[in-house]
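All heavy atoms count here, side chains included; hydrogens, waters and symmetry mates do not. Here the structure is a predicted model, which is why all the values come from computation and not from measurement. Every number for a ligand or one of its atoms is a count from 1 in the order of the listing.
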Amino acid sequence: MLKARIAVFVSGGGTNLQALIDAEKNGLLPSGHICLVVSNKAEAYALERARQAGIPAVTLLRKDCGGQEGFEAALLQLLEREKIDLIILAGFMSILSENFTCRFPERILNVHPSLIPSFCGKGFYGLHVHEAALAYGVKVTGATVHFVNEIPDGGRILLQQAVSVLPGDSPETLQRRVMEQAEWKLLPQAAEMVAAEIIKGRAE
Ligand code: GAR
């Protein structure tokens with residue numbers, strides 16, 4: 001059976017990309033194959049992770065594409081050329097326009113480091129999410145994997161996992177716990193769920 005072809009979009013450290021790479025290597029992503037990594041930041045360590053795993057990686061900078069429209073047009077060309085079935089946003093810190101997301105209904109996944117609908121939407125990304133959770137004083141936070149549509153963090157939720165906030169947490173310690181206990185598990189699980197669905201759809 002042909003596997004679903006996956007592209008992972010990244011901007012930073014790439015620990016979620018690593019979780020996906022490890023899942024594929026360990027047989028936990030049997031329905032999918034990571035074929036491409038795309039970064040919108042030249043300095044992203046995720047690019048090094050892709051290189052070490054032997055996955056083709058491309059850096060696309062918005063400023064080199066003449067803005068958002070050109071950036072998304074270049075992305076589309078790349079995805080078409082690589083015959084990508086599923087896009088995974090793994091710490092991708094750029095909002096995609098409706099013109100882009102509407103081409104991939106329920107075929108773009110995102111991992112967000114909170115229990116949506118808390119601490120999500122425009123301005124809530126990376127460490128800021130955990131800063132906001134601590135400032136509010138919640139005792140439970142977590143992570144969410146959801147489909148991406150035209151509303152930032154607004155698409156249908158696939159998986160969520162709660163994580164405790166502990167006394168004395170800093171944004172960094174909380175971020176690490178949410179990654180370890182939730183993100184790195186949920187994202188490969190969700191990727192396999194959707195990849196299996198794609199393969200099933202082909203067979204019907
Ligand atoms: C992760 O915590 C991810 O959930 C978050 O950024 C971090 C990226 O880490 N994404 C967002 O906030 C998107 N709204 P990584 O580069 O090590 O995977």
Side-chain angles (χ1 to χ4, degrees), residues 6-25 29 34 36-53 55 57-60 62 75 86-97 100-101 108-136 138 140-165 169-191:
I6 299 173
V8 185
F9 291 7
V10 296
S11 302
T15 63
N16 279 288
L17 167 66
Q18 192 65 54
L20 290 164
I21 291 171
D22 293 346
E24 184 174 353
K25 200 172 70 191
L29 186 49
I34 306 165
L36 178 68
V37 169
V38 182
S39 174
N40 68 336
K41 295 268 183 274
E43 69 281 7
Y45 185 69
L47 288 166
E48 174 60 19
R49 295 181 190 272
R51 199 191 58 75
Q52 282 177 18
I55 303 167
V58 174
T59 302
L60 265 186
R62 195 176 328 206
L75 275 178
L86 171 62
I87 299 162
I88 301 181
L89 310 185
F92 183 62
M93 305 304 186
S94 171
I95 292 178
L96 296 164
S97 77
F100 184 93
T101 58
I108 311 177
L109 283 176
N110 180 44
V111 60
H112 183 76
S114 75
L115 293 175
I116 290 175
S118 288
F119 312 117
C120 66
K122 212 162 172 263
F124 287 100
Y125 59 90
L127 218 47
H128 299 306
V129 179
H130 304 293
E131 285 164 2
L134 289 174
Y136 200 96
V138 293
V140 176
T141 182
T144 303
V145 178
H146 63 94
F147 286 117
V148 173
N149 63 9
E150 68 285 1
I151 303 158
D153 297 324
R156 184 161 75 83
I157 291 173
L158 252 133
L159 295 173
Q160 287 188 308
Q161 172 70 52
V163 175
S164 296
V165 179
D169 260 340
S170 64
E172 290 79 8
T173 60
L174 185 55
Q175 179 182 52
R176 181 76 192 181
R177 189 175 316 110
V178 168
M179 284 176 158
E180 281 176 358
Q181 294 185 7
E183 296 186 49
W184 299 340
K185 293 179 185 158
L186 292 190
L187 191 58
Q189 263 177 40

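Checked against side-chain contact (heavy atoms from CB on, under 4.5 Å), R176 has the following partners two or more places apart in sequence or in another chain: E180, W184. Residues satisfying the side-chain contact (heavy atoms from CB on, under 4.5 Å) test with A7, not counting sequence neighbours, are F9, L36, L79, I84.
Contact check for F147 versus L109: side-chain heavy atoms found under the 4.5 Å cut-off.
Contact residues of ligand 1 (protein heavy atom closer than 4.0 angstrom to a ligand atom; sorted by chain and number): G12, G13, G14, T15, N16, G91, M93, V111, H112, P113, F124, Y125, G126, M179, E183.
Looking only at distances, a side-chain donor or acceptor of R49 sits under 3.5 Å from a matching main-chain atom of G13. Of the possible donor and acceptor atoms, none in the side chain of S39 sits under 3.5 Å from a partner among the backbone N and O of L47.
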Donor-acceptor pairs under 3.5 angstrom involving side-chain atoms of residues 113-123: please list them, not counting sequence neighbours.
residue	atom	partner	partner atom	Å
S114	OG	H112	NE2	3.3
S114	OG	S118	O	2.6
S114	OG	F119	O	3.3

